[in-house]
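Notes follow the structure.
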Number of protein chains: 2
Amino acid sequence: MARLPVYLRALHVLAERGVATVSSEELAAAAGVNSAKLRKDLSHLGSYGTRGVGYEVEYLVYQISRELGLTQDWAVAIVGIGNLGRALAGYGGFASRGFRMAALLDAEPGIVGEVIAGLTVEHIDDLETVIKDNGISIAVLAVPAAAAQPVCDRVVTSGVTSILNFAPVVLSVPDGVDVRKVDLSIELQILAFHEQRKAGGPSGVEEEYLEAVEGQ
Amino acid sequence: MARLPVYLRALHVLAERGVATVSSEELAAAAGVNSAKLRKDLSHLGSYGTRGVGYEVEYLVYQISRELGLTQDWAVAIVGIGNLGRALAGYGGFASRGFRMAALLDAEPGIVGEVIAGLTVEHIDDLETVIKDNGISIAVLAVPAAAAQPVCDRVVTSGVTSILNFAPVVLSVPDGVDVRKVDLSIELQILAFHEQRKAGGPSGVEEEYLEAVEGQ
DNA sequence: TCGTGTGAATCGGTTCACAGCA
DNA sequence: TGCTGTGAACCGATTCACACGA
């Protein structure tokens with residue numbers, strides 16, 4: 001589930017420090033969750049802990065990696081090589097976790113041909129070919145809002161079944177295609193909401209109903 | 001709550017198209033949620049719809065904006081002006097939603113002094129002064145993982161109470177400080193998990209327990 | 001009549017608390 | 001003894017379904 005990557009990161013840190021064994025209490029603290037939740041999450045994978053002792057770090061890393069599908073190699077394409085696309089292309093955390101940046105695509109002639117992180121940016125006209133030839137099943141969309149749906153349609157037609165969307169639009173996709181959305185503006189708006197509550201609620205309005213609202 | 005920004009975005013699109021009124025059904029479709037959920041969410045803000053008709057777009061935009069605190073001006077600092085920081089600094093969606101990029105900070109001498117989106121990058125040594133002088137209450141951290149906690153401590157000490165963290169670490173902050181985390185690598189890992197399930201589950205293991213797992 | 005607003009039912013996820021095993 | 005694994009209680013959020021009002 002969605003917290004396994006967080007546990008995995010914490011475990012990697014522990015492993016680097018040479019820690020061989022963790023209790024659910026310790027790992028939960030490192031991951032920022034409570035220990036009962038962590039144990040329940042891990043129990044879904046199987047019974048990989050030892051009662052009275054804890055979990056063996058290396059073994060748990062392997063089990064979680066396998067569960068998440070990180071023991072295989074995923075070819076990823078990034079479409080849209082603006083600042084955000086570049087940030088993603090250059091982010092080291094991907095390669096070390098089973099992800100391989102296999103293609104960068106952009107529509108801008110000034111950007112096509114540029115070499116970023118060892119990859120040459122290709123023209124978006126070649127999108128279909130590039131995706132099929134590289135066996136890409138995951139696409140990252142870092143394109144302008146107006147381009148997002150058309151590009152989405154094209155990558156889906158080419159065989160992509162998982163999309164990470166940074167454009168501020170709700171994409172529509174066929175069944176069987178997963179979309180995750182990261183919207184930087186929405187994150188800020190949620191912070192502003194909390195910030196405002198700290199400052200005393202919306203100006204000039206009763207605050208009662210505010211109690212009913214919000215979690216994370 | 002966390003979906004209001006999504007509704008707001010959809011409403012802005014409708015307003016631009018000149019739509020005066022929407023039903024919960026239509027707005028829910030545009031926002032990608034179901035209509036009962038949308039109505040329940042909106043009812044927390046008050047009774048702003050008309051039975052038999054729907055919601056007046058402009059009025060609802062205003063009410064949601066006020067609820068989210070977007071009718072006031074929030075000064076935001078971005079710390080870490082790599083590709084990601086630049087992408088954030090240049091993202092137009094902020095300014096139009098009550099957010100004002102008030103400061104850019106970096107540790108790299110080659111970057112300090114650079115002008116991005118009309119702002120001069122300042123040195124991180126001046127962080128405390130810059131935050132206090134500009135009345136900044138929201139900070140965006142786009143720094144390397146190792147720098148995140150120290151920078152976080154400094155912005156909190158300077159008076160920041162909301163943090164949007166892009167570094168892949170769990171930040172620890174005092175009570176009263178909100179942290180939201182965006183982790184690009186985790187998003188991809190979650191996609192990989194789903195992708196793997198489509199392909200038939202983790203190699204060599206029974207799939208039964210997989211049924212118990214995962215939502216979005 | 002039509003669509004909002006909302007009790008009531010439902011669902012899923014979190015937390016509690018302890019039985020069971022190393 | 002100490003900590004995992006898990007049934008049971010709990011809690012919030014989602015969905016259903018319809019009364020109510022424009």
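Heavy-atom basis, side chains included; hydrogens, waters and symmetry copies ignored.
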**OP:** Identify, residue by residue, the members of residues 5-14 of chain A with a heavy atom below 4.0 Å from DNA chain D, and return them in order of residue number, or none.
**Re:** none
Subject >> Where B/A167 and B/V143 come nearest, the two heavy atoms and their spacing >> reply: CB-O, 3.6 Å
**OP:** Could you tell me the separation between the OH atom of A/Y48 and the C1' atom of D/dC3, rounded to a whole number of Å?
**Re:** 19 Å
Within the sub-3.5 Å range, which N or O atoms of nucleotides 15-17 of chain D have a protein N or O partner, and how far apart are they?
unit_1 : atom_1 : unit_2 : atom_2 : d
D/dT15 : OP2    : B/N34  : ND2    : 2.9
D/dT15 : O5'    : B/N34  : ND2    : 3.4
D/dT15 : O4     : B/K40  : NZ     : 3.1
D/dA17 : N6     : B/R39  : NH2    : 3.3

**OP:** Under the side-chain hydrogen bond (donor to acceptor under 3.5 Å, both in side chains) rule, collect the residues that match up with A/E195, sequence neighbours excluded.
**Re:** A/K198, B/T161, B/S162
Original post:
Shortest non-hydrogen contact from A/M101 to A/A89?
Top reply: CG-O, 4.5 Å
Subject >> Check: B/L127 and B/V155 side chains under 4.5 Å, non-hydrogen atoms >> reply: yes
Original post:
How many Å lie between CD on A/Q63 and P on D/dT4, as a whole number?
Top reply: 17 Å
**OP:** Could you tell me the separation between the NE2 atom of A/H44 and the P atom of D/dT4, rounded to a whole number of Å?
**Re:** 16 Å
**OP:** Quick one: closest heavy-atom pair of B/L141 and B/A148, and the distance?
**Re:** CD1-O, 3.9 Å
Original post:
Do A/Y62 and A/E58 meet the criterion of a side-chain donor-acceptor pair at a distance under 3.5 Å?
Top reply: no
**OP:** Grab the CG-P distance between B/L38 and D/dA13 for me, whole Å please.
**Re:** 16 Å
Subject >> Smallest separation among heavy atoms of B/R39 and B/Y55, with atom names >> reply: CG-OH, 3.8 Å
Subject >> Closest approach of A/I81 to A/D106 (non-hydrogen atoms, all atoms of both residues) >> reply: N-OD2, 2.5 Å
Subject >> Residues which pass salt bridge (charged side-chain N to carboxylate O under 4.0 Å, His left out) with A/R51, listed by chain and number, not counting sequence neighbours >> reply: none
Original post:
Could you state the CG-P distance from A/L42 to D/dC3, rounded to the nearest angstrom?
Top reply: 16 Å
Subject >> Those residues that, when tested against A/E128, pass salt bridge (charged side-chain N to carboxylate O under 4.0 Å, His left out) (two or more places apart) >> reply: A/R154
Subject >> Residue whose nearest DNA chain C nucleotide is more 5′ - A/D41 or B/S24 >> reply: B/S24
Subject >> Atom pair distance, as rounded to whole Å: CD in A/E26 and C1' in D/dT4 >> reply: 13 Å
Subject >> N or O in side chain of B/Y55 less than 4.0 angstrom from D/dA22 OP1/OP2 >> reply: no
Please tabulate, one pair per line, each protein N/O and nucleotide N/O from nucleotides 19-22 of chain C that are separated by under 3.5 Å, including the distance.
unit_1 : atom_1 : unit_2 : atom_2 : d
C/dG20 : N3     : A/R51  : NH1    : 3.2

Subject >> Length of the CD-C1' vector between A/E25 and C/dC16, whole Å >> reply: 13 Å
